[in-house]
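Beneath this line is the structure, given in structure tokens, with notes to follow.
Nothing here was measured: the structure is a model prediction, and the numbers come from that model. Numbering starts at 1 and runs along the sequence shown.
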Amino acid sequence: QVQLVESGGGLVQAGASLRLSCAASGRTFSSYAIAWFRQAPGKEREFVVTISSSGRTTYYADSVKGRFTISRDNAKNTVYLQMNSLKPEDTAVYYCAAGVNVARGYDYWGQGTQVTVSS
């Protein structure tokens, strides 16, 4: 099994930056694609970005493209989400997820970390 723990959330003002971390267990971490999702109260869960197991391929939702950057360090079993130019609409609980075959969905989820952006 893979366990994921998010960290780095907090309260910031619009225009600020924040870096989230997703730390994973297991030596097979490098075989998993990792994604970030977010969910605001009363709204559906939203895809943010995904990164391939190698880290060579990424895909961003249009809402964050050009502002957010995902990266991974397989030696540290950690994925990072650098968030710049934050907007109030970025406010949500952010979750990282792992999957071997993402066409089947993501199999493992972290507990989430709260990001709040004030205006």
Side-chain angles (χ1 to χ4, degrees):
Q1 298 184 22
V2 175
Q3 294 187 356
L4 306 172
V5 179
E6 302 95 333
S7 62
L11 172 63
V12 298
Q13 293 186 327
S17 296
L18 208 55
R19 189 177 78 159
L20 306 184
S21 297
C22 175
S25 65
R27 70 176 186 88
T28 60
F29 170 78
S30 62
S31 69
Y32 288 87
I34 303 293
W36 288 93
F37 293 81
R38 64 188 183 185
Q39 188 166 24
K43 307 200 75 173
E44 64 185 4
R45 187 179 64 196
E46 177 188 17
F47 168 80
V48 178
V49 62
T50 190
I51 187 167
S52 64
S53 59
S54 69
R56 296 184 181 274
T57 302
T58 59
Y59 179 77
Y60 295 85
D62 287 342
S63 59
V64 305
K65 195 174 301 180
R67 299 189 298 121
F68 290 11
T69 303
I70 191 171
S71 62
R72 69 189 295 163
D73 186 340
N74 285 346
K76 296 181 178 179
N77 282 7
T78 302
V79 169
Y80 304 97
L81 181 63
Q82 179 67 46
M83 305 185 296
N84 297 327
S85 302
L86 283 163
K87 305 174 180 179
E89 50 262 47
D90 295 319
T91 295
V93 176
Y94 283 70
Y95 299 91
C96 65
V100 174
N101 182 356
V102 297
R104 299 285 305 279
Y106 291 88
D107 301 308
Y108 304 99
W109 295 78
Q111 84 289 348
T113 185
Q114 177 71 50
V115 172
T116 303
V117 184
S118 65
S119 59

Got a second to check how far Ile70's CD1 is from Ile34's CD1, nearest 0.5 Å? 8.0 Å
Check: Leu81 and Phe68 side chains under 4.5 Å, non-hydrogen atoms: yes
Calculate, to the nearest 0.5 Å, the distance between atoms SG and CG belonging to Cys96 and Leu20 respectively. 9.5 Å
Taking the six-membered ring of Tyr32 as reference, does the cationic atom of Arg72 (NZ for Lys, CZ for Arg) lie under 6.0 Å from its centre and within 45° of its axis? no
How long is the span from the CD atom in Glu46 to the CD atom in Gln39, to the nearest 0.5 Å? 10.0 Å
Stepwise side-chain contact (heavy atoms from CB on, under 4.5 Å) test for Ser17 and Met83: CA-CA 5 Å; Ser17 296; Met83 305 185 296; over 6 Å; no
Those residues at least two apart in sequence (or on a different chain) that pass ring-ring contact (aromatic ring centres under 6.0 Å, His included) with Tyr106 are Phe37
Between Tyr60 and Thr50, is there a side-chain heavy-atom distance shorter than 4.5 Å? no
Closest non-hydrogen contact found for Val79 with Trp36 is CG1-NE1, 3.7 Å
Enclosure of Gln3 CD (heavy-atom neighbours >12, cutoff 6.0 Å): no
Tell me whether Lys65 is salt-bridged to Asp62, with the criterion being a basic N under 4.0 Å from an acidic carboxylate O. yes
Closest non-hydrogen contact found for Tyr95 with Glu6 is CA-OE2, 3.2 Å
Flag the pair Tyr59 / Val49 as yes when at least one side-chain heavy-atom distance between them is below 4.5 Å, and no otherwise. no
Validation row: Gln114, Thr91 side chains within 4.5 angstrom (heavy atoms): yes
Do Asp73 and Thr78 have a side chain donor and acceptor closer than 3.5 Å? no
Does atom CD of Gln13 have more than 12 heavy-atom neighbours, drawn from other residues, nucleotides or ligands, at distances under 6.0 Å? no
